[in-house]
2 protein chains.
Amino acid sequence: MAEKKLEKYPHPFVTVDIIIFTVKDNDLKVLLVKRKLPPFQRMWALPGGFVHIEENLEAAALRELQEETGVKDVYLEQLYTFGNPARDPRGRVITIAYFALLDSSKIKLQPKTDVEAAKWFSMYNLPKLAFDHQQIIDYSLVRLRYKLEYTTVGFQLLPKKFTLTELQKLYEIILNKKLDKRNFRKKIFSFNIVEPTSETKMEGIHRPATLYKFKNKQFLLPKDVV
Amino acid sequence: MAEKKLEKYPHPFVTVDIIIFTVKDNDLKVLLVKRKLPPFQRMWALPGGFVHIEENLEAAALRELQEETGVKDVYLEQLYTFGNPARDPRGRVITIAYFALLDSSKIKLQPKTDVEAAKWFSMYNLPKLAFDHQQIIDYSLVRLRYKLEYTTVGFQLLPKKFTLTELQKLYEIILNKKLDKRNFRKKIFSFNIVEPTSETKMEGIHRPATLYKFKNKQFLLPKDVV
DNA sequence: CCAAAAGTGTTAGTGATACACCCATGT
DNA sequence: ACATGGGTGTATCACTAACACTTTTGG
């Protein structure tokens with residue numbers, strides 16, 4: 001196909017931003033980086049950056065995430081595209097936000113490019129953020145909670161083997177409410193996606209808890225529909 | 001804030017594409033335009049076009065929709081952002097897809113800019129489409145059906161006053177399956193969002209149907225969560 | 001035998017599904 | 001009186017929510 005090239009009119013820049021959630025110390029945390037460069041120099045922000053000219057959007061998100069935090073091998077899901085013309089003081093920048101949940105124990109943070117530091121922050125105690133990143137995080141929390149109830153995203157936050165009480169705690173922390181132990185277990189069993197191992201976990205002076213594992217890592221609903 | 005400007009590195013172009021659904025002639029239809037210019041000259045495509053440098057994304061979608069089809073006053077919802085580097089032969093173009101449902105009886109199609117024609121096509125009998133627009137439409141159908149069951153988007157497709165049978169037909173056409181009349185009505189009433197008017201609609205030789213209207217146009221679930 | 005968390009069963013209520021009959025109208 | 005679509009009620013099933021007691025362990 002012989003095509004005429006696009007004219008070089010001024011057009012928006014395109015970035016990706018990544019919201020990585022984890023549960024740690026009985027708290028829902030989000031991964032932030034401290035900016036090395038203007039604008040918003042030395043302020044905390046979501047990891048992210050410019051999409052290269054020949055690079056897939058998700059690939060860009062994965063690359064920026066690894067460069068800025070050291071985190072890799074993540075299943076990212078597209079969240080929303082934010083395009084308010086005033087959201088970046090340098091000019092017109094639209095950003096495609098991706099999000100994921102990770103087991104923080106499997107991660108060591110190793111910031112490299114363009115950032116001074118990468119650090120977990122409590123969702124309920126965030127610093128003032130660069131750009132419109134507070135708004136992006138607020139929206140991602142709504143979606144996270146929604147997805148937690150209808151899919152199995154929550155399982156991404158736990159190690160291979162886990163107790164049902166650990167799983168319940170995780171749900172309680174993300175949803176920020178108490179759940180009934182019996183009903184929670186019935187619901188999880190009804191999904192038919194966990195199976196008991198022969199191992200148990202002993203912690204403290206009480207009956208040891210059975211360790212469970214996932215039968216598979218599929219979502220209950222097709223990707224991106226919910 | 002004194003900021004350094006962005007360098008003029010090559011960066012993606014940004015477009016919006018709009019999927020407008022309607023139900024007409026007992027069929028689910030989507031609004032397409034015939035391209036006047038290359039690439040894909042004289043092929044059918046979704047209405048859409050480039051985002052101006054100082055223009056909100058949704059504003060761009062509304063502008064392009066009106067320019068290319070004459071359709072205006074639409075509540076658009078962001079669907080997904082497509083960014084495969086090969087999706088446009090002219091170069092790197094990412095597109096943010098928006099979608100909406102409209103009552104086709106309220107619309108007169110009046111194409112103006114850059115298009116030869118604007119026309120409704122059956123979802124089940126689409127022509128070969130430009131770019132990756134077939135993929136975008138496929139995805140939007142999944143989301144449309146999902147939203148129909150959990151929100152009240154479907155009401156956007158009907159005139160102010162309508163019979164419950166008309167509403168049911170609409171659901172059946174979009175979901176592409178028969179629904180039980182009694183259960184459908186119970187469900188609609190349980191939402192508590194329609195109320196009967198004192199008017200009836202007589203069509204054919206049978207008992208006249210009560211006309212209903214919506215109590216409000218709110219969605220049942222918050223915007224964009226589902 | 002005590003403390004502490006693991007683990008389980010029952011009941012009531014709510015919403016979904018499946019199904020069949022009467023009603024109002026024009027001819 | 002009949003043909004046509006409008007309109008309703010009931011029984012069953014599955015899922016959710018609320019609630020209390022027994023089990024296993026180490027000290």
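Letters go in sequence order (proteins before strands), and every chain restarts at 1.
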On a heavy-atom basis, the closest approach of A:Arg87 and A:Phe131 is O-CD2, 3.5 Å
Query raised in the report: Is any side-chain nitrogen or oxygen of B:Arg182 closer than 4.0 Å to OP1 or OP2 of C:dA18?
Result: no
Point to revise | Check: B:Lys34 main-chain N/O paired with B:Arg42 side-chain donor or acceptor under 3.5 Å | key: no
Of A:Ile205 and A:Asp180, the one whose nearest nucleotide on DNA chain C sits closer to the 5' end is A:Ile205
Rounded to whole Å, the CG-P distance (A:Asn183 to D:dA14) equals 18 Å
From CZ of A:Arg207 across to C1' of D:dT22 the rounded distance in Å is 9 Å
Between NZ of A:Lys187 and P of D:dC15 the distance, given in whole Å, is 12 Å
- Query: What is the nucleic acid contact for A:Thr163, judged by heavy atoms within less than 4.0 Å: base, sugar-phosphate only, or nothing?
  - Reply: nothing
Worksheet item: Contact class for A:Ser190 (heavy atom, under 4.0 Å): base, sugar-phosphate, or nothing?
Response: nothing
Subject >> B:Thr165 side chain near D:dG5 phosphate (N/O to OP1/OP2, under 4.0 Å) >> reply: no
From CZ of A:Arg185 across to P of C:dG9 the rounded distance in Å is 12 Å
query: Is the A:Tyr212 ring parallel, tilted or perpendicular to the A:Phe189 ring (thresholds 30°, 60°)?
result: tilted
message = Whether B:Lys119 engages the ring of B:Phe121 as a cation-pi pair (distance to the six-membered ring centre under 6.0 angstrom, angle to the ring normal within 45°) should be assessed.
response = yes
B:Phe184 atom CZ is separated from C:dA16 atom C1', nearest whole Å, by 15 Å
A quick test of your reading: do over 12 heavy atoms of other residues, nucleotides or ligands sit less than 6.0 Å from CD of B:Glu195?
yes
To the nearest angstrom, the CD-P distance between B:Glu149 and C:dT17 comes to 9 Å
A:Gln168 CD to C:dA6 P, in whole Å, measures 9 Å
In whole angstroms, the gap separating P of C:dG7 from CG of A:Leu167 amounts to 13 Å
Which of D:dG5, C:dA5, D:dG26 is nearest the side chain of A:Met202? It is D:dG26
**OP:** May I ask you to evaluate whether B:Thr210 reaches the phosphate of D:dG7, defined as a side-chain N or O under 4.0 Å from OP1 or OP2?
**Re:** yes
Would you say the base of D:dG6 and the side-chain of B:Lys181 have a donor-acceptor pair closer than 3.5 Å?
-> yes
Between A:Lys186 and A:Leu211, the residue closer to the 5' end of DNA chain C by nearest nucleotide is A:Leu211
